[in-house]
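Notes for the one structure printed next.
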Amino acid sequence: MSQAPLLIYLDGKLVPESEAKVSVFDHGLLYGDGCFEGIRIYNGRVFRLTEHLVRLYESARSICLTIPISLEEMEQATLQTVAANQLRDGYIRLVITRGVGSLGLNPYQCPKAGIIIIASGITLYPKEKYETGLNLITCATRRPAAAALSPQVKSLNYLNNIMAKIECIQAGCEEGIMLNEQGFVAECTGDNIFILKGGQFFTPTISSGALNGITRQAAIEILNDMGLSVREVTMTRHDIYTAEECFLTGTAAEVIPAVQYDRRPIGSGKPGPVTAEVMARFSKLANSTGTPVPYA
Ligand code: PXG
């Protein structure tokens with residue numbers, strides 16, 4: 001990573017991070033009104049950029065938020081921000097805020113959405129956890145019903161997930177399982193979940209309350225390439241208690257094993273061989289595909 005101050009894209013301009021400031025009247029701050037994406041840069045290429053941008057524009061459309069530039073312009077802005085910071089490996093955070101308005105919820109009082117692009121680094125879990133695996137708990141905090149707030153909207157209001165993350169950390173765990181209102185497994189606080197049982201992989205359906213993760217999709221493709229089928233199911237805690245292997249997927253987490261759930265070992269209690277193969281294949285895929293960054 002470069003040592004110079006980061007250059008942040010803010011509403012059409014690249015500015016030093018010390019000047020990258022937003023108004024206290026931005027509804028992104030006042031109400032968590034807006035949406036975001038997290039994207040990875042591997043080996044000088046941006047991983048699944050179009051898929052992330054499509055999801056960002058869908059989140060925005062769903063909440064009646066007009067992004068003032070086109071998806072193609074956003075793609076160029078993202079690549080330019082990465083290039084300007086000379087990042088070959090890192091993490092991009094795209095943030096769209098409702099913009100500056102008056103006090104009061106009415107989003108139509110905010111004339112123009114704000115655009116922030118940060119290209120930096122991220123370390124979600126300690127490196128050794130990719131070898132030893134994560135411990136998970138069941139979070140008491142549930143995923144909101146889709147009728148309350150669609151889990152497909154990556155909104156700027158992550159309090160639900162943050163409350164669940166607090167529970168994980170207080171329990172001495174890195175991640176946790178969030179159930180939906182019916183008590184079925186939806187996903188983790190910032191990752192999707194896969195389990196292996198009887199030679200087949202299972203992951204919760206999107207309608208269970210899971211975000212349709214881009215890494216989740218990549219994992220499904222990898223498993224299919226390995227000749228393994230993945231069934232999207234209504235998953236229970238029992239299914240995880242009795243799984244042979246378990247791994248989580250997410251842009252920040254990549255593919256990471258989980259070895260304990262609610263104090264019960266998952267399978268042997270060690271990362272499984274199939275999970276190791278999926279991790280290796282994901283690393284190969286991430287480092288060999290993607291949109292090249294136009295470095296100067
Ligand atoms: N579920 C939720 C609720 C997420 O927010 C995922 C699953 C995984 O989706 P992708 O498309 O990334 O495979 C996410 C995305 C963080 C952080 O800081 C987490 C995400 C994105 C950005 C930052 O923990 N998770």
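Every value quoted in this text rests on a predicted model; they were computed, and no experiment measured them.
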Mind listing the side-chain donor-acceptor pairs of residues 278-286 below 3.5 Å, one per line with the distance, residues two or more places apart or on another chain?
from: R281; atom 1: NE; to: E277; atom 2: OE2; distance (Å): 2.7
from: R281; atom 1: NH2; to: E277; atom 2: OE2; distance (Å): 3.4

Verify, without hydrogens or angle tests, whether [X] (side chain) and [Y] (backbone) share a donor-acceptor contact under 3.5 angstrom.
X	Y	result
S59	K154	yes
N180	A186	no
T66	P68	no
N85	L6	no
D191	L248	no
Q76	E73	no

What pairs of donor and acceptor atoms, side-chain ones from residues 192-206 against any protein atom, are under 3.5 angstrom apart with sequence neighbours left out?
from: N192; atom 1: ND2; to: L211; atom 2: O; distance (Å): 3.0
from: K197; atom 1: NZ; to: T242; atom 2: OG1; distance (Å): 2.7
from: Q200; atom 1: NE2; to: S229; atom 2: OG; distance (Å): 3.2
from: T203; atom 1: OG1; to: I193; atom 2: O; distance (Å): 2.6
from: T205; atom 1: OG1; to: S207; atom 2: OG; distance (Å): 3.2
from: T205; atom 1: OG1; to: S208; atom 2: N; distance (Å): 3.1
from: T205; atom 1: OG1; to: S208; atom 2: OG; distance (Å): 2.7

For H27, all residues meeting ring-ring contact (aromatic ring centres under 6.0 Å, His included), sequence neighbours excluded: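 H27: ring-ring contact (aromatic ring centres under 6.0 Å, His included) contacts with Y31.
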Please identify each residue that fulfils ring-ring contact (aromatic ring centres under 6.0 Å, His included) with Y241, with sequence neighbours left out.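 Only Y261 meet the ring-ring contact (aromatic ring centres under 6.0 Å, His included) criterion with Y241.
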What pairs with R231 under salt bridge (Lys or Arg N to Asp or Glu O under 4.0 Å), at least two apart in sequence or on another chain?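 Testing R231 for salt bridge (Lys or Arg N to Asp or Glu O under 4.0 Å), a comparison that skips the adjacent residues, returns none.
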Any pair with a residue in residues 16-45 that passes salt bridge (charged side-chain N to carboxylate O under 4.0 Å, His left out), sequence neighbours left out, goes on the list, sorted by first then second residue, please.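 Every pair satisfying salt bridge (charged side-chain N to carboxylate O under 4.0 Å, His left out) with a residue in residues 16-45: D33-R98, E37-R55, R40-E254.
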Quick one: salt bridge (charged side-chain N to carboxylate O under 4.0 Å, His left out) pairs with a partner in residues 202-226, sequence neighbours left out?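 Listed by first then second residue: R48-E221, R216-E232.
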All pairs passing ring pair (Phe, Tyr, Trp, His ring centres under 6.0 Å) where residues 144-180 contributes a residue, at least two apart: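 Ring pair (Phe, Tyr, Trp, His ring centres under 6.0 Å) check on residues 144-180 returns F36-Y158.
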Under the ring pair (Phe, Tyr, Trp, His ring centres under 6.0 Å) rule, what pairs show up with a residue in residues 77-118, not counting sequence neighbours?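 Listed by first then second residue: nothing to list.
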Could you state whether [X] and [Y] fall into the same hydrophobic cluster, counting links through intermediate Ile, Leu, Val, Met, Phe, Trp or Tyr residues with side-chain heavy atoms under 4.5 angstrom apart?
X	Y	answer
I41	L14	yes
I266	V230	yes
I169	L159	no

Testing the basics here: between [X] and [Y], what is the closest heavy-atom pair and its distance to 0.1 Å?
X	Y	answer
S62	V153	OG-CG2, 3.6 Å
A252	I122	CB-CD1, 3.7 Å
C246	T275	O-OG1, 4.1 Å
N43	D89	N-OD1, 2.9 Å
P273	E245	CD-OE2, 3.1 Å
C110	G99	SG-O, 3.8 Å

For residues T189 and E175, is any side-chain donor paired with an opposing acceptor at under 3.5 Å?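 Looking only at side-chain atoms, E175 and T189 do form a donor-acceptor pair, the distance falling under 3.5 Å.
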Between T78 and E75, does any side-chain donor sit less than 3.5 Å from a side-chain acceptor?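 Not at all, the side chains of T78 and E75 share no donor-acceptor pair under 3.5 Å.
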So which pairs with a foot in residues 285-296 pass side-chain hydrogen bond (donor to acceptor under 3.5 Å, both in side chains), sequence neighbours left out?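 Output for this query is empty, none listed.
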With T234, which residues qualify under side-chain contact (heavy atoms from CB on, under 4.5 Å), at least two apart?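 T234 satisfies side-chain contact (heavy atoms from CB on, under 4.5 Å) with F184 only.
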Test side-chain hydrogen bond (donor to acceptor under 3.5 Å, both in side chains) applied to Q109 - qualifying residues, sequence neighbours left out: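 Testing Q109 for side-chain hydrogen bond (donor to acceptor under 3.5 Å, both in side chains), a comparison that skips the adjacent residues, returns S102.
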So do the side chains of E244 and V274 get within less than 4.5 Å of each other, counting heavy atoms only?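 The answer is no, as the side chains (C-beta and beyond) never meet within the 4.5 Å cut-off.
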